[in-house]
Amino acid sequence: MGVVLLILRILLDIIILILGLALLLVLIVLFVPVHYRIKGVFNEEEKSADFKVRWLIATVKGDYKKEDGLKYKAKVLFFTLLDSEKKNKNKSKKDKEEIENSENLANLENLENLDESLPKNPLESIEGISKNAFEMFEKSEEPDESAGIINLNESTESAKSVVFEESVAATELEEIEENQKNPVDKVYDFLDKITDKAAETLDKIGDKLRSIEKKTDHVEQFLNKDFTQRTIKRGIKFLGKVLKAIKPRKGHGFVKFGLSNAADTGVWLGKIAMFYPFYGKWLVIEPDFYNKVFNMDMDFKGSIMIGPTAIRFLILYLRKDTKRTINLAKKI
């Protein structure tokens, strides 16, 4: 009995240990922040960017340049999991090997064709050439090899002329029938074609308008629901908290933009100003109302906490109003 209790105790300790390790792993994933840093320059002279993401023992970093493209590397401790440079090198090696193999196959095929075209016995070929030359010398008249070719060309030309004549005759008959019609009948035929096309286009436009009207009615009814409005408000609040959680903690940024039109530039400046609480501490935006320009210079870093964001999203998703909103949105 004591041995059984000892075994059960050991098994219970192992289960508790496994559950504790799993819980610790979940807490590490949720509450250890992901640190990031992004640097970038974008203007007429230079277009480049650098980024680095670090979480526990894993690191992902890379850079982008207009001349070289995107390069990245992912590491866990001292082990490299992804490397774009090695990948590109391996790809270039494979491409070179394929090109060399194709060239070698082409050379082998050319050699085989050359071997087939050459005579197996050179003496026999020389004797055959001398006999043919002697026979041609003895004959007084040369063979007319072009006769068959001329007859073939004449037959094809005659066939083409017959087809062309038949098509011309058919078109002439159609023109004669059209000319024999009364002008009033022609006008009626033209009006019939126009009315048929107009009716088809109007039917298509009517079907599209009816479908759009139905969808707009459904969308209005969907948005007017109380639970939908509550879900939208909670979603906006959740989005604001997410933006607040991921915004940079340190750094600076400068953006100068212009659309060569003062009105359009002012409209976009007003839209961007709506997010001023998000970027006001680290980003400066300068509009240019007269020129079309976009320059950017940024260097900022921050951290993202996965746990609080995931918990807020889970609470929002499990609400009854959210489920009713999702089910109703699928029916639209």
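Using a distance-only test at 3.5 Å, with no hydrogens or angles considered, no donor-acceptor pair links the side chain of Thr265 to the main chain of Gly258. Of the possible polar contacts, none joining the Tyr72 side chain to the Leu82 backbone as a donor-acceptor pair under 3.5 Å is found.
Across Val4, Leu11, Ile10, a single residue satisfies side chain to side chain contact (heavy atoms under 4.5 Å, CB included) together with Ile7, and that is Leu11.
In this structure the side chain of Arg230 never reaches within 4.5 angstrom of the side chain of Thr322, judged on heavy atoms. By the 4.5 Å heavy-atom criterion applied to side chains, Asn43 and Val41 are counted as neighbours. Between Val29 and Trp55 the shortest side-chain heavy-atom distance falls below 4.5 Å. Looking only at side-chain heavy atoms (C-beta outward), Phe300 and Tyr36 come within less than 4.5 Å of each other. Between Trp282 and His252, every side-chain heavy-atom pair lies at or beyond the 4.5 Å cut-off. Counting only heavy atoms from C-beta outward, the side chains of Ile232 and Thr325 never approach each other to under 4.5 Å. Inter-residue side-chain proximity for Leu283 and Met298 is flagged as met; some heavy-atom pair is nearer than 4.5 Å. Annotation: side chain of Asp288 is in contact with side chain of Lys256 (closest heavy-atom distance under 4.5 Å).
The local environment of NZ in Lys247 is crowded, with over 12 non-hydrogen atoms from other residues, nucleotides or ligands closer than 6.0 Å. Applying the 6.0 Å contact sphere to CZ of Phe31 captures more than 12 heavy atoms from other residues, nucleotides or ligands. The environment of CZ in Phe289 is crowded: more than 12 heavy-atom neighbours from other residues, nucleotides or ligands sit within 6.0 Å.
Rounding to the nearest 0.5 Å gives a distance of 4.5 Å between CZ of Phe222 and OG1 of Thr228. One finds the OG1 atom of Thr59 at 11.0 Å from the NE2 atom of His35 (value rounded to the nearest 0.5 Å). Taking NZ of Lys39 as the reference point, atom CG of Asp299 lies at 5.5 Å (rounded to 0.5 Å). Rounding to the nearest 0.5 Å places CD of Glu46 at 8.0 Å from NZ of Lys65. Note that CG of Asp63 is 7.5 Å distant from CG of Leu70, once rounded to the nearest 0.5 Å. With rounding to the nearest 0.5 angstrom, the CZ atom of Phe294 is 10.5 Å from the CG atom of Leu259.
Scored by the ring-ring contact (aromatic ring centres under 6.0 Å, His included) test, Phe51 finds no partners at all (sequence neighbours excluded).
Through side-chain heavy atoms spaced under 4.5 Å, either directly or across other Ile, Leu, Val, Met, Phe, Trp or Tyr residues, Ile16 is tied to Leu12. Through direct or indirect side-chain contacts shorter than 4.5 Å among Ile, Leu, Val, Met, Phe, Trp and Tyr, Val293 is connected to no other residue.
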**Message:** Determine whether Leu269 and Phe257 satisfy the following criterion, side chain to side chain contact (heavy atoms under 4.5 Å, CB included), listing intermediate values before the conclusion.
**Reply:** CA-CA 9 Å; Leu269 184 63; Phe257 79 99; 4.3 Å; yes
**Request:** Please lay out, stage by stage, how Ile14 and Ile18 fare under the test side chain to side chain contact (heavy atoms under 4.5 Å, CB included).
**Result:** CA-CA 6 Å; Ile14 292 170; Ile18 292 169; 3.8 Å; yes
**Message:** Leu19 vs Leu23, test: side chain to side chain contact (heavy atoms under 4.5 Å, CB included). Steps then yes/no.
**Reply:** CA-CA 6 Å; Leu19 291 174; Leu23 181 62; over 6 Å; no
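Minimum heavy-atom separation, Lys323 to Tyr317: CG-O, 3.9 Å. When all heavy atoms of Leu30 and Met305 are compared, the pair lying nearest together is O-CG, 4.0 Å. The two residues Glu44 and Lys47 come nearest to each other via the heavy atoms O-NZ, 4.3 Å.
Cluster annotation: Val26 and Ile315 are assigned to the same hydrophobic cluster (Ile/Leu/Val/Met/Phe/Trp/Tyr, side-chain heavy-atom contacts under 4.5 Å, transitive). Clustering ILVMFWY residues whenever any of their side-chain heavy atoms sit less than 4.5 angstrom apart, transitively, puts Val32 in the very cluster that holds Val53. Cluster membership for Leu56 and Ile306, using ILVMFWY side-chain heavy atoms within less than 4.5 angstrom, is shared. Residues Ile28 and Ile311 do not share a hydrophobic cluster, clusters being chains of Ile/Leu/Val/Met/Phe/Trp/Tyr side chains in contact below 4.5 Å. Under a hydrophobic clustering in which Ile, Leu, Val, Met, Phe, Trp and Tyr are joined whenever their side-chain heavy atoms come within less than 4.5 Å, directly or via other members, Tyr279 and Met274 fall into the same cluster.
Note on ring orientation: taking the six-membered ring where Trp is involved, the planes of Phe238 and Phe313 are tilted (angle from 30° to 60°).
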